[in-house]
Amino acid sequence: MESKNTDSSAQFVNRKKERTVIVGSAVLIIAALTVAGLYVGTSQQEDIILQDLTGIEETTESEFNSVLEEELEDVQSSTVENPGRTGSGTGASSASSGSTTSGSTSSAQISSTVKTEETLTSESIAEEDMLNEVAMTDELLSETAEEMMYSFTGENMIWPIAEDYEILIPYSMDKAVYFTTLDQYKYSPAMVISAEVGTPVYAVSAGKVTSKYWNEETGWTYEMDLGGGFAAYYGQLDYNTMVKEADTYVAAGDLLGYVAEPTKYYSLEGANLYFEMTKDGTPVYPMDYLGQE
């Protein structure tokens, strides 16, 4: 009896183990199938998503290229057919009928930019014309002022020195006069006016300084254009006090410099101002214009 019971128990245990193994195997199989199904499903979803993204990219690129082509057509049409304007003529109508909202907006922006550039260009041209007119006006005024400044009339002339003076050698082109230092008679194209060293010398009339130069007879000398073919010469000046340079405009009464020691040609006459006037290069009598004897 005990032997049979033992066999029965062993058989029961073995069956229970077999069932457990079967159930465990089934569970494992089901779990494996479930995981495999999830993997397949996920892969399929990823494939679908990738396909959708690819489609979107292709669609977006196609639309972008289409809009870009339409914008280029609009620009070419506005430039060739009617520069500075958009949407005129048959070409513009056909282009606008086939364009999208984005393309129309871009065309409007391009048209606005072209018009803005035209406006700026017009304003720049107008401003440049105005500046040119102002420059021309200034130039004319400057030339007129210069002409008025030293257009010599022979009136309102002043004496070149304000202190008491004496005519040491008079102007004389019709007969020879005596030069003490040279001890000879000769023609005199200028007046030699006595003046102490350091005496201020003034412009007799408005004019333009032509040159400042050294002459062996007259020393440091100014040549001045008075206008109308008239010129004036101021000699025997101290170089260090000659305040006007060439191409300088002066008014009547402007200080030119101070009297210097006389040159060897006038050593016996003493310190003096050499003053000469010419008309078209020919010496003229200064007293006819200075109005004093």
Side-chain angles (χ1 to χ4, degrees), residues 150 152 154 156-227 229-293:
Y150 68 102
F152 183 75
N156 302 320
M157 288 183 65
I158 65 172
W159 268 78
I161 57 176
E163 300 179 4
D164 292 336
Y165 63 89
E166 177 186 355
I167 305 298
L168 299 176
I169 302 176
Y171 166 88
S172 181
M173 292 300 290
D174 57 350
K175 64 179 181 179
V177 295
Y178 184 69
F179 283 73
T180 304
T181 302
L182 300 177
D183 190 21
Q184 66 179 17
Y185 287 87
K186 69 174 188 173
Y187 293 110
S188 175
M191 295 191 309
V192 178
I193 306 170
S194 66
E196 295 182 359
V197 174
T199 298
V201 178
Y202 304 98
V204 297
S205 178
K208 177 181 179 181
V209 176
T210 306
S211 63
K212 179 171 65 174
Y213 62 92
W214 168 261
N215 179 276
E216 186 177 7
E217 179 181 353
T218 62
W220 280 103
T221 304
Y222 271 129
E223 178 184 357
M224 187 174 299
D225 178 16
L226 303 181
F230 286 88
Y233 298 83
Y234 306 79
Q236 305 285 0
L237 298 179
D238 181 358
Y239 174 79
N240 294 323
T241 65
M242 298 174 74
V243 295
K244 303 298 183 181
E245 299 297 333
D247 297 326
T248 301
Y249 294 95
V250 299
D254 280 357
L255 178 65
L256 300 180
Y258 296 85
V259 173
E261 294 286 348
T263 63
K264 63 183 181 179
Y265 287 82
Y266 301 95
S267 60
L268 294 181
E269 284 83 357
N272 67 86
L273 170 66
Y274 176 94
F275 182 71
E276 179 183 354
M277 288 184 63
T278 62
K279 172 67 167 71
D280 297 327
T282 301
V284 294
Y285 185 35
M287 288 299 187
D288 287 341
Y289 305 97
L290 292 174
Q292 299 183 40
E293 290 293 343

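Atom set for the values below is all heavy atoms of this structure, side chains included, hydrogens, waters and symmetry mates excluded. As the structure is a computational prediction, the values presented were derived from the model and not from experiment.
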Validation row: Ile193, Ile167 side chains within 4.5 angstrom (heavy atoms): yes

Result block: side-chain N/O donor-acceptor pairs under 3.5 angstrom for residues 270-279, not counting sequence neighbours:
residue: Asn272; atom: ND2; partner: Gly270; partner atom: O; Å: 2.9
residue: Tyr274; atom: OH; partner: Glu276; partner atom: OE1; Å: 2.9

OH on Tyr213 to CD on Glu223, rounded to 0.5 Å: 6.0 Å

Qualifying residues under side-chain contact (heavy atoms from CB on, under 4.5 Å), relative to Ser172, sequence neighbours excluded: Asp174, Lys175, Val177

Check for a donor-acceptor pair, side chain of Thr263 on one end and backbone N or O of Glu217 on the other, with a separation under 3.5 Å. yes

Which pair of heavy atoms, one from Gly198 and one from Tyr258, lies closest together, and at what distance? O-CD2, 3.0 Å

How would you list, by chain and number, every residue that makes a side-chain hydrogen bond (donor to acceptor under 3.5 Å, both in side chains) with Glu196, sequence neighbours excluded? none

So which pairs with a foot in residues 237-253 pass salt bridge (charged side-chain N to carboxylate O under 4.0 Å, His left out), sequence neighbours left out? Lys208-Asp247, Lys212-Glu245

Would you compute the distance between atom CG of Leu168 and atom OG1 of Thr181 and round it to the nearest 0.5 angstrom? 9.5 Å

Quick one: CG on Leu182 to OG on Ser267, what's the gap to the nearest 0.5 Å? 8.5 Å

Excluding sequence neighbours, so at least two apart, what forms ring-ring contact (aromatic ring centres under 6.0 Å, His included) with Phe230? Phe152, Tyr289

Note: Leu226 and Ala232 closest approach over all heavy atoms is CD1-CB, 4.0 Å

Who passes side-chain contact (heavy atoms from CB on, under 4.5 Å) against Thr180, sequence neighbours left out? Tyr178, Leu268, Glu269

Working to the nearest 0.5 angstrom, can you tell me the gap between Met224 CE and Thr210 OG1? 8.0 Å

Any donor-acceptor pair under 3.5 Å from Thr221 side chain to Gly219 backbone: yes

If every non-hydrogen atom of Met157 is compared with every non-hydrogen atom of Ser205, which pair is closest and at what distance? CG-CB, 4.3 Å

Can you confirm whether Lys186 is buried at NZ, in the sense that more than 12 heavy atoms of other residues, nucleotides or ligands lie under 6.0 Å from that atom? yes

Inter-residue atom distance Tyr171.OH - Tyr285.OH, 0.5 Å rounding: 9.5 Å

For Tyr187 and Ala176, the nearest pair of non-hydrogen atoms, with its separation, is CE2-N, 3.9 Å

Does the side chain of Thr218 reach to within under 4.5 Å of the side chain of Tyr233, using non-hydrogen atoms? no

Shortest non-hydrogen separation from Asp254 to Ala251 and the atoms involved: OD2-N, 2.8 Å

Taking all heavy atoms of Ala195 and all of Ile161, pick out the closest pair and write down the distance. CB-CD1, 4.3 Å

Just how far is it from atom CG of Leu255 to atom OH of Tyr202, taken to the nearest 0.5 Å? 6.0 Å

